[in-house]
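Source: prediction; values computed, not measured. Residues: numbered from 1 along the sequence shown.
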Amino acid sequence: CEAARPSGALAQILSFSSGTVWISWLFDWGDVMRGFESQQLPVQAFEVLQFGTEEMDPSMATARWHCKHAPFKVDVEVGRSHIFGVRAVLLPLNSDIAAQGVCQEPLWASPISLPVSIDLRVASRA
């Protein structure tokens with residue numbers, strides 16, 4: 001199933017001191033869900049990926065989280081910059097998206113959004 005990638009991705013720093021970041025994006029599920037029977041609908045979710053470099057290969061992600069919708073709030077390490085990408089994923093019916101640190105392999109995944117970056121190397125303003 002060919003689909004568009006999440007668009008309009010942005011990252012907003014909510015707290016320089018604690019490294020709290022808010023990530024948001026847009027995605028239209030319309031064409032993706034047409035190929036599934038209504039009784040067997042997989043779980044629609046998003047995978048937020050953190051990268052150490054600009055290379056946006058999912059296998060190179062340094063951290064990943066599943067969530068049901070935007071926005072996504074996460075605390076990251078202060079004192080460095082961070083790069084994020086988002087992709088839409090379809091997960092098996094029994095998936096527990098709320099399970100912290102558990103990311104199941106998706107049944108389907110969209111291409112990754114364009115990268116968004118934040119810079120927490122300067123935690124205070126002069």
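Nearest heavy atom pair, residue Leu91 against residue Pro106, reads CD2-CA, 3.8 Å. Across every non-hydrogen atom of Ile112 and Phe51, the tightest pair is CD1-CZ, 4.1 Å. Pairing each heavy atom of Ala11 with each of Val116, the nearest pair is CB-CG2, 4.0 Å. Across Leu114 and Ala9, no two heavy atoms sit closer than the pair O-CB, 4.3 Å. Closest of all the heavy-atom pairs between Pro6 and Ala88 is CG-N, 3.7 Å. Nearest heavy-atom pair across Val43 and Pro92 is CG2-O, 3.5 Å.
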(message) Run Thr20 and Lys73 through side chain to side chain contact (heavy atoms under 4.5 Å, CB included) and show every step you take.
(response) CA-CA 7 Å; Thr20 303; Lys73 188 168 90 170; 3.7 Å; yes

(request) Please report the C-alpha distance between Val32 and Leu90 in whole Å, then the side-chain angles of each, then the deciding distance to 0.1 Å, and finally whether the side chain to side chain contact (heavy atoms under 4.5 Å, CB included) criterion is met. (result) CA-CA 9 Å; Val32 176; Leu90 293 176; 3.8 Å; yes

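The side-chain heavy atoms of Ser117 and Ser81, taken from C-beta on, include no pair separated by under 4.5 Å.
In this structure, Phe46 CZ and Phe72 CZ are separated by 13.0 Å, a value rounded to the nearest 0.5 Å. Atom OG of Ser113 is separated from atom CZ of Arg5 by 7.5 Å, given to the nearest 0.5 angstrom. Interatomic distance, Ile118 CD1 to Trp22 CH2, rounded to the nearest 0.5 Å: 13.5 Å. Atom CD1 of Ile23 and atom CD of Gln50 lie 8.0 Å apart (nearest 0.5 Å). Considering NE2 of His82 and CZ of Arg121, their distance stands at 10.0 Å, rounded to 0.5 Å. To the nearest 0.5 angstrom, Leu10 atom CG is 12.0 Å from Phe84 atom CZ.
Residue pairs meeting the salt bridge (Lys or Arg N to Asp or Glu O under 4.0 Å) criterion with at least one member in residues 78-95, sequence neighbours excluded, are Glu47-Arg87.
Both Trp65 and Trp25 are assigned to one and the same hydrophobic cluster, defined by single-linkage of ILVMFWY side chains at heavy-atom distances under 4.5 Å. Connection of Val48 to Trp108 is established within a shared hydrophobic cluster, with ILVMFWY side chains joined at heavy-atom distances below 4.5 Å, either directly or through further cluster members. Leu49 and Val74 fall into different hydrophobic clusters, defined by Ile, Leu, Val, Met, Phe, Trp and Tyr side-chain heavy atoms under 4.5 Å apart, directly or through other members. Hydrophobic clustering (ILVMFWY, side-chain heavy atoms < 4.5 Å, transitive): Val86 and Ile83 are in distinct clusters.
In this structure Ser15 satisfies the side-chain hydrogen bond (donor to acceptor under 3.5 Å, both in side chains) test together with Ser17, Ser18, sequence neighbours excluded. Considering only residues two or more places apart in sequence or on other chains, Asp28 meets the side-chain hydrogen bond (donor to acceptor under 3.5 Å, both in side chains) condition with none of them.
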